[in-house]
Amino acid sequence: MNIGFLGTGLMGTPMAQLLQSAGYQVYAWNRSAHKLEGLLATGVKQAETPASAIAASQLIILMLTNAAAIETTLLSPEAKAELTGKTVLQMGTIAPQESKAIAQAVQAAGGDYFEAPVLGSIPEAKAGTLIVMVGATPEQFAQWRPILACFGPEPQLMGPVGAGSGVKLAMNQLIGTLTTAFSMSLGLVQQESIDVEKFMAIVRQSALYAPTFDKKLGRMCDRNFANPNFPSKHLLKDMNLFVQAADTFNADVAKSVAHMVQQAVDKGLADQDYSAVFAAVNE
């Protein structure tokens, strides 16, 4: 089977490699063509345009930055003309309502659509151990499960289109809020000249502990936010999407976290690891 892959950034590149290694022929497109160089050496073929990737493939996977990027690539007049009889799998982080709107547009063009955003970062993408959260019909899930299993061993059907996107946003909200909350606690500990390791020993023994605290502790203490798996600008986008999606309940905490991440971005840390929120909390 030929698979089109639109968007070969930090996560898209290893995910496309997994598919090629599994025996599928991948036709990859990326706005910055130089990011395809490593993939071409593995047998992946370069598509000159999104439309050519769609034309060559039965399944088209999207790993694009946001819904606006999907609009200009998948839903351009040239690309939409190639969608008849094709299936689109959206794997990036977008809002549930955005995913439903894209589904309607794809179906109107004669194609099929489902979603499967993933939780994890580059190491999990390379290993094929991502958590895959699927929004699809049971029939779509059964048909495409072998593809989904390339990315993670136990894909989970969460419900129809929109459910996968909703769970993904809910999880990324936890990433942002937990990291910001830990930044504040660590900031107070440092302000009061408390031994950080003694503090962490207490945290690790408590029901409040989350593994992400240890994962980001070294970066925060060293203020080293380089070489990110998940940059601050992407967390900011996801926190804002969560706030927009939360139209029936109070999302003030998420708004505050988004504000703190925005401050980190304003400090020039947009392309640094999202633990850079510590630099906004504790200057």
Side-chain angles (χ1 to χ4, degrees), residues 1-47 53 57 59-66 69 89-94 115-134 144-156 164-165 167-169 171-172 174-176 178-179 210-219 224-235 237-238 270-276:
M1 179 190 296
N2 293 345
I3 298 176
F5 205 106
L6 307 184
T8 56
L10 291 174
M11 293 289 286
T13 292
M15 291 170 69
Q17 287 175 332
L18 286 174
L19 293 171
Q20 188 70 27
S21 297
Y24 301 102
Q25 179 57 63
V26 176
Y27 288 81
W29 174 87
N30 195 76
R31 191 178 304 277
S32 300
H34 70 274
K35 293 185 178 180
L36 294 171
E37 292 173 359
L39 283 173
L40 300 181
T42 69
V44 170
K45 295 184 179 180
Q46 181 175 358
S57 308
L59 175 69
I60 300 90
I61 295 178
L62 309 179
M63 202 63 183
L64 297 164
T65 304
N66 51 34
L89 169 54
Q90 200 297 115
M91 302 193 74
T93 304
I94 60 176
E115 62 182 10
V118 296
L119 189 67
S121 59
I122 296 172
E124 291 78 19
K126 289 180 176 179
T129 56
L130 294 162
I131 297 173
V132 184
M133 300 157 285
V134 186
W144 297 107
R145 183 164 186 159
I147 299 290
L148 298 170
C150 291
F151 306 118
E154 294 293 336
Q156 297 293 316
S165 295
V167 173
K168 171 60 171 172
L169 276 188
M171 296 304 296
N172 280 20
L174 283 175
I175 290 172
L178 282 172
T179 304
T212 191
F213 298 163
D214 269 314
K215 185 177 179 181
K216 299 302 179 184
L217 177 64
R219 281 188 176 274
N224 177 11
F225 310 119
N227 302 314
N229 290 331
F230 187 37
S232 297
K233 63 183 179 184
H234 290 172
L235 178 60
K237 181 218 39 160
D238 294 348
D271 294 313
Q272 302 294 291
D273 186 81
Y274 68 90
S275 56

So, for Pro117 and Gly92, which heavy atoms are closest and what is the spacing to 0.1 Å? CB-O, 3.6 Å
Correct closest heavy-atom pair for Met63 and Met91 would be SD-O, 3.4 Å
OH-SG distance between Tyr24 and Cys150, expressed to the nearest 0.5 angstrom: 5.0 Å
From Ser165 atom OG to Gln90 atom CD, the distance as rounded to the nearest 0.5 Å: 6.0 Å
Rounded to the nearest 0.5 Å, what's the gap from CD1 on Ile175 to NZ on Lys216? Could you check? 9.0 Å
Contacts under 3.5 angstrom, residues 1-15 side chains, donor-acceptor by atom type, not counting sequence neighbours:
from	atom 1	to	atom 2	distance (Å)
Asn2	ND2	Ala56	O	3.0
Thr8	OG1	Asn30	OD1	3.4
Thr13	OG1	Thr8	O	3.0
Thr13	OG1	Gly9	O	3.2

Between the main-chain N or O of Asp273 and the side-chain N or O of Ser232, is there a donor-acceptor pair closer than 3.5 Å? yes
Pair Asp238-Lys168, salt bridge (Lys or Arg N to Asp or Glu O under 4.0 Å): steps then yes or no: CA-CA 9 Å; Asp238 294 348; Lys168 171 60 171 172; 5.6 Å; no
Identify the two heavy atoms, one from Ala226 and one from Asn224, that lie closest to each other, and give their separation to 0.1 Å. N-OD1, 3.3 Å
Let me confirm one number: the CG-CG distance from Asn227 to Asp271, rounded to the nearest 0.5 Å. 12.0 Å
Residues at least two apart in sequence or cross-chain that pass side-chain contact (heavy atoms from CB on, under 4.5 Å) with Ile131, listed by chain then number, are Leu119, Met133
Would Thr93 and Leu169 satisfy side-chain contact (heavy atoms from CB on, under 4.5 Å), going step by step from the backbone distance to the final call? CA-CA 7 Å; Thr93 304; Leu169 276 188; 3.8 Å; yes
Residues which pass ring-ring contact (aromatic ring centres under 6.0 Å, His included) with Phe230, listed by chain and number, not counting sequence neighbours: Tyr274
Here the gap from Leu148 atom CG to Leu130 atom CG, rounded to the nearest 0.5 Å, amounts to 11.5 Å
What distance do Leu89 atom CG and Leu62 atom CG have between them, rounded to the nearest 0.5 Å? 7.5 Å
Can you give me the closest heavy-atom contact between Ala47 and Trp29, atom names plus distance? O-CD1, 3.4 Å
Would you name the heavy atoms of Pro155 and Val134 that are closest together and state the gap between them? CB-CG2, 4.3 Å
Quick one: does Asn66's side chain have a donor or acceptor within less than 3.5 Å of a partner on Ala69's backbone? yes
Name the one of Leu39, Leu18, Val44 that satisfies side chain to side chain contact (heavy atoms under 4.5 Å, CB included) with Val26? Val44
Mind checking what makes side-chain contact (heavy atoms from CB on, under 4.5 Å) contact with Pro123, not counting sequence neighbours? Ser121, Asn229
For Lys237, give me all partners under salt bridge (Lys or Arg N to Asp or Glu O under 4.0 Å), at least two apart in sequence or on another chain. none
Residue list, salt bridge (Lys or Arg N to Asp or Glu O under 4.0 Å) with Glu154, at least two apart or on another chain: Arg145
